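Single-structure report; data block below.
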There are 2 protein chains.
Amino acid sequence: MHSIDVLCQQLRAQGRRITPQRRAIIQALLEDGSHPTAEQIYTRVRKGMPDLSQATVYNTLHELVEVGILAELDLGLGERRYDITTTAHAHMVCLGCGQIYDVHYDCNKLALSLEHVNGFQILDCAVILRGYCANCTPELN
Amino acid sequence: MHSIDVLCQQLRAQGRRITPQRRAIIQALLEDGSHPTAEQIYTRVRKGMPDLSQATVYNTLHELVEVGILAELDLGLGERRYDITTTAHAHMVCLGCGQIYDVHYDCNKLALSLEHVNGFQILDCAVILRGYCANCTPELN
DNA sequence: ATCCCTGCAAAGCCTTTGCAATGCA
DNA sequence: TGCATTGCAAAGGCTTTGCAGGGAT
């Protein structure tokens, strides 16, 4: 797990400024590991910073993605989700409770196996699983 | 490749009605294998059916997805894309030209290997690769 | 004849943008 | 001090919805 100070250093190293808003947003991302949406981050940070604007949240999230600190997930749910976990992994969307689970799976291995097959240069690989988690598995009598 | 008549039968078998609009939309999906957006289907069908409305396109696409004839792809590009190809496969988004390529890869194999690992019941699996296609590979001198 | 489906237009949701004021470096 | 960053509000893109008329079965 990264510390907030290390992450701020990385931002600064890229020539970006550290503002209270950005610190708070990063803090929120570190605290909320449930793949939150921009809206959820906004709501969470606003509790301690009522003047925060949505634009700032979107700005900061994009920035963190650019710097490579944050992963942006589009799971086909209508809004983007954010994941500050560093290692690449697959995601599983539970159709019952809507929760998103991390699945340990090395996407790079998959990317490598597909690389060059078609002359592609693969930079990134996303794996999204849909189904039911243990709690939501429909009663299979 | 499915024929339009077989597909219409499948629709009818589900208790849905066959309208000229639906036939035309299915036809367009069969003709355009480039993973078109709803907008692209709308534009294409409207050439021969100027009164077609967007609502009907969205309606029909959802319906075809429900019946299982059509796959809906959310590739993180801002809009949904549709694919009437029957076999499960991965998708590769070229960051250069924006084109979307089919990649032969058995997602079910992946799903099976991950199943039960976490007590999940996996119904569906999407694999999205991002990178550059052969034509767009940045000059690697 | 039923009621599903269509077209139109408005609304909805998430995200982006413009601009003046603010504050970090 | 200079310029990136902020907040506000409006606009934008894609999709959904409500409703009355029309068409498939």
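Letters A, B, ... are given to chains in the order of the sequence lines, protein chains preceding strands, and every chain is numbered from 1. Bear in mind the structure is a predicted one, so any value in this text is a computation, not a measurement.
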Distance in angstrom units between Arg46(B) CZ and dT6(C) C1', rounded: 14 Å
Shortest non-hydrogen separation from Ile25(B) to Val57(B) and the atoms involved: CD1-CA, 3.8 Å
Side-chain donor/acceptor of Gln14(B) to backbone N/O of Leu11(B), under 3.5 Å: no
Tyr42(A) OH to dC14(C) C1', straight-line distance once rounded to whole Å: 14 Å
Nearest-nucleotide 5' precedence on DNA chain D, Pro20(B) against Met49(A): Met49(A)
Residue Thr56(B), side-chain heavy atoms: nucleotide from dT6(D), dG7(C), dT5(D) that is nearest: dG7(C)
Sugar-phosphate only, base, or nothing, as touched by Gly15(A) at under 4.0 Å among non-hydrogen atoms: nothing
Any Gln21(A) side-chain nitrogen or oxygen under 4.0 Å from OP1 or OP2 of dG23(C): no
Residue closer to the 5' end of DNA chain C, Gln54(A) versus Asp51(B) (nearest nucleotide): Asp51(B)
Listed nucleotide nearest any side-chain atom of Thr60(B), set dG7(C), dT6(C), dC14(C): dT6(C)
Between C1' of dC14(D) and CZ of Arg80(A), the distance in whole Å: 12 Å
Closest non-hydrogen atom pair, Cys133(A) against Met92(A): N-CE, 3.7 Å
OP1 or OP2 of dT5(D) under 4.0 Å from side-chain N/O of Arg16(A): no
Protein-nucleotide distance (Glu66(B), atom CD; dC4(C), atom C1'), rounded to Å: 14 Å
Residue closer to the 5' end of DNA chain D, Arg12(B) versus Asn59(B) (nearest nucleotide): Asn59(B)
Interatomic distance where CG belongs to Leu11(B) and P belongs to dT25(D) [whole Å]: 11 Å
Rounded distance [0.5 Å steps], CD in Glu39(B) versus CD in Gln54(B): 5.5 Å
Residue Ser53(A), side-chain atoms from C-beta onward, closest of dG7(C), dC5(C), dC8(D): dC8(D)
Candidates dA4(D), dT17(C), dC5(C) - which lies nearest the side chain of Ala55(A): dT17(C)
Distance below 4.0 Å between Thr19(B) side-chain N/O and dC5(C) OP1 or OP2: no
Spacing of Glu63(A) atom CD relative to dT6(D) atom C1', expressed in whole Å: 12 Å
Atom-to-atom span, CG of Asp74(B) to C1' of dT15(D) - whole angstrom: 12 Å
Under-4.0 Å side-chain N/O to phosphate OP1/OP2 contact, His62(B) with dT15(D): no
Plane angle bin for Phe120(A) and Tyr101(B) - parallel if under 30°, tilted between 30 and 60°, otherwise perpendicular: tilted
Thr85(B) and Asp83(B) side chains, donor-acceptor separation under 3.5 Å: yes
Phosphate OP1/OP2 of dC3(D) contacted by Arg17(A) side-chain N/O (<4.0 Å): no
Phosphate-side-chain proximity, Tyr58(B) and dT15(D), N/O vs OP1/OP2 below 4.0 Å: yes
Phosphate OP1/OP2 of dT5(D) contacted by Arg22(A) side-chain N/O (<4.0 Å): yes
Between P of dT6(C) and CZ of Arg23(B), the distance in whole Å: 14 Å
